[in-house]
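Down below is the structure, laid out as structure tokens.
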Amino acid sequence: MAFGGELLTLPMMNWQELISNIRLGQEQKHAERFDDRSEFKRDYDRLIFSAPFRRLQNKTQVFPLPGSIFVHNRLTHSLEVASVGMSLGNDAAKILKQRRPELAGTLFEEIGTIVATACLAHDMGNPPFGHSGEKAIRSFFTEGEGARLKEKLSPEIWADVTHFEGNANAFRLLAHRFKGRREGGFVMTYSTLASIVKYPYSSLAAGQKGKFGFFSEEQEVYEKIARKLGITRLSGEGEPVVYARHPLVYLVEAADDICYEVMDLEDAFKLKIVSYDEATALLKNFFDDEMKTRIEKRIKEEGISDENEQVSYLRARVIGILVGLCTKAFVDNEEAILSGEKVRSLIELIPEKTRAAYSLLQDISQRKIYRSKPVLDIELSGYKIMETLMEQMTKAAVHPDRFYSRQLISRVSNQYDIAAGNLGTRILAVLDYISGMTDIYALDVYQKISGISLPKV
């Protein structure tokens with residue numbers, strides 16, 4: 001592999017280094033424990049009981065949140081992804097321990113918990129209104145009023161804000177030292193934090209797709225974690241930082257890919273965006289003829305006559321198939337992954353017939369679900385709300401001495417360093433504040449600062 005014209009031989013990563021329970025911010029400390037939970041289980045519990053995780057219940061997954069029909073929000077999606085991630089990690093650990101007996105009895109046995117925890121966190125950095133919120137933030141700086149700030153911000157921070165990415169924001173949320181918080185953010189283990197970073201490179205290396213894994217303020221933190229875990233660095237000195245993925249990222253990504261497409265189909269059926277025949281046909285594409293016969297017999301024998309229950313049953317069987325195939329893809333490609341090679345997502349490595357069924361599901365989702373009227377309506381509304389919040393809060397950060405600016409800033413929690421002396425820090429504090437909002441809270445603030453509604457006394 002060549003970087004900067006020089007052919008490099010990449011060092012092989014190893015599991016003994018990659019799985020570490022050292023905590024960010026407590027590297028030299030050994031806290032007293034009062035129960036037998038592992039450090040990785042503590043990470044899991046810490047997220048479950050955190051306020052940012054609870055706020056996911058009021059953040060849109062794909063569809064608007066109707067009252068009469070239950071569809072997924074970011075919270076239920078994250079819990080389901082964590083469940084699938086636990087299965088992927090445990091199944092992979094079982095197979096790899098048979099191949100590598102030296103891993104038995106080590107922290108490697110806990111990769112199921114690590115993957116599940118990273119799955120819980122994978123959407124915690126997403127702003128209100130899903131991908132529409134991300135686009136609104138990026139567009140504010142590339143197309144809107146924020147474009148005027150380019151010459152006032154460092155190249156690193158400018159790259160961060162113009163490529164704003166929920167995944168990088170999740171790492172920031174968990175690892176950043178916000179004003180008044182202790183060093184290390186949530187004080188998570190190194191392996192859990194590394195397993196969250198889907199795109200392990202800086203925003204300066206994001207390219208056209210705009211994907212990156214950590215903001216400039218957290219780059220040093222990620223590099224420290226990567227060095228400790230022996231994660232391979234792919235870029236040379238003086239180049240924008242690029243690392244290989246921590247291997248468990250592949251399992252986190254697969255869990256998200258599985259749940260995202262399959263569960264969205266179930267929601268679309270409940271909302272009558274796709275018919276019963278369409279939904280069941282798409283799900284049955286994952287089965288061979290023998291399995292179809294067995295499943296149809298099981299449905300008949302158990303008296304599953306309700307269409308919703310039938311779709312749910314088929315969905316569960318499809319997830320089971322994909323978990324098994326993605327696990328196999330991971331262990332079959334273990335050596336390439338550990339060598340730091342650029343490996344395709346596990347979903348792309350499953351057998352062609354199943355991959356074709358998944359691709360068809362993706363295609364239908366793009367055409368009929370993600371471009372449906374309910375989804376487009378929430379995206380348009382969300383975009384306008386986010387655009388207004390960005391305009392008003394950024395203006396306050398740029399001109400903090402103005403009367404209206406002081407009024408706006410005074411309603412922001414003091415955990416955000418929005419009154420810092422450095423403009424770049426203030427702009428990032430605005431992003432922290434807005435991206436942490438729920439959909440409902442963002443709408444409420446938008447209405448108040450726009451004069452649409454007055455607070456009730």
Side-chain angles (χ1 to χ4, degrees), residues 57 59-81 83-84 123 129-132 254-326 347-348 350-382 439:
Q57 69 181 313
K59 287 194 175 186
T60 304
Q61 171 62 15
V62 173
F63 301 104
L65 307 176
S68 59
I69 302 175
F70 180 79
V71 294
H72 289 83
N73 54 39
R74 289 282 174 183
L75 182 68
T76 50
H77 169 72
S78 297
L79 290 168
E80 289 168 349
V81 174
S83 178
V84 172
D123 272 352
F129 309 109
H131 295 301
S132 182
D256 189 30
D257 287 343
I258 291 169
C259 290
Y260 193 86
E261 293 295 347
V262 180
M263 300 309 300
D264 286 352
L265 176 66
E266 185 175 11
D267 281 349
F269 164 66
K270 289 180 179 179
L271 293 171
K272 302 187 185 306
I273 293 172
V274 298
S275 68
Y276 168 79
D277 289 340
E278 287 175 305
T280 54
L282 286 166
L283 294 171
K284 287 179 180 179
N285 282 334
F286 287 86
F287 312 137
D288 58 27
D289 290 339
E290 182 183 349
M291 182 172 285
K292 283 180 187 176
T293 301
R294 291 205 312 268
I295 288 173
E296 288 168 359
K297 181 180 179 183
R298 179 82 176 270
I299 289 173
K300 186 176 181 179
E301 289 176 346
E302 295 192 8
I304 306 174
S305 57
D306 182 80
E307 290 185 348
N308 285 314
E309 290 186 13
Q310 288 184 15
V311 170
S312 295
Y313 179 76
L314 293 173
R315 175 263 300 160
R317 296 300 296 263
V318 169
I319 288 177
I321 290 171
L322 292 173
V323 165
L325 293 177
C326 285
I347 281 286
E348 294 179 284
I350 62 178
E352 181 56 38
K353 186 177 185 300
T354 314
R355 173 63 188 156
Y358 185 87
S359 296
L360 180 59
L361 183 55
Q362 282 182 309
D363 181 60
I364 296 295
S365 295
Q366 287 294 332
R367 290 191 288 108
K368 296 200 66 172
I369 299 177
Y370 306 139
R371 307 308 297 169
S372 65
K373 187 176 184 298
V375 174
L376 291 175
D377 285 348
I378 195 68
E379 285 191 354
L380 289 169
S381 299
D439 294 13

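Nothing here was measured: the structure is a model prediction, and the numbers come from that model.
Taken from CE in M291 to NZ in K284, the straight-line distance is 13.5 Å, to the nearest 0.5 Å. Going from atom CD1 of I350 over to atom SG of C326 covers 5.5 Å, rounded to the nearest 0.5 Å. One finds the CG atom of L380 at 12.0 Å from the CZ atom of F129 (value rounded to the nearest 0.5 Å). One distance of note links CD of E302 with CD of E309; it measures 10.0 Å at 0.5 Å rounding. From S365, atom OG reaches atom CG of L282 across 8.0 Å, with rounding to the nearest 0.5 Å. Rounded to the nearest 0.5 angstrom, I273 CD1 and S275 OG are separated by 12.0 Å.
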Please test E80 against I319 for side-chain contact (heavy atoms from CB on, under 4.5 Å), starting from the C-alpha separation and ending with a verdict. CA-CA 11 Å; E80 289 168 349; I319 288 177; over 6 Å; no
Step by step, would you call E290 with R294 a salt bridge (charged side-chain N to carboxylate O under 4.0 Å, His left out)? CA-CA 6 Å; E290 182 183 349; R294 291 205 312 268; 3.4 Å; yes
Test side-chain contact (heavy atoms from CB on, under 4.5 Å) on Y260 and V81; report intermediate values, then the result. CA-CA 8 Å; Y260 193 86; V81 174; over 6 Å; no
Take E278 and I364 through the test side-chain contact (heavy atoms from CB on, under 4.5 Å) and record every step on the way to the result. CA-CA 10 Å; E278 287 175 305; I364 296 295; 6.0 Å; no
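The side-chain contact (heavy atoms from CB on, under 4.5 Å) test with T280 singles out one residue from V311, N285, V274, and that residue is V311. Among the candidates L322, L360, L325, the single residue satisfying the side-chain contact (heavy atoms from CB on, under 4.5 Å) test with F286 is L322.
Here the closest heavy-atom approach between residue E261 and residue Y358 is recorded as CG-OH, 3.1 Å. In this structure, G382 and S132 approach most closely via the heavy-atom pair C-OG, 4.3 Å. Across all non-hydrogen atoms, the minimal contact from Q57 to N73 is O-ND2, 3.0 Å. The two atoms that bring F287 and K353 nearest to each other are O-NZ, 3.8 Å, heavy atoms only. M263 approaches R315 most closely through the heavy-atom pair SD-CD, 3.4 Å. Across every non-hydrogen atom of K59 and D439, the tightest pair is CA-OD1, 3.5 Å.
A donor-acceptor pair under 3.5 Å is formed between the side chain of T293 and the backbone N or O of D289. Proximity of a side-chain donor or acceptor of Y313 to a complementary backbone N or O of I304 within less than 3.5 Å is not detected.
Looking at heavy atoms from C-beta onward, H77 lies in side-chain contact with D256 at the 4.5 angstrom threshold.
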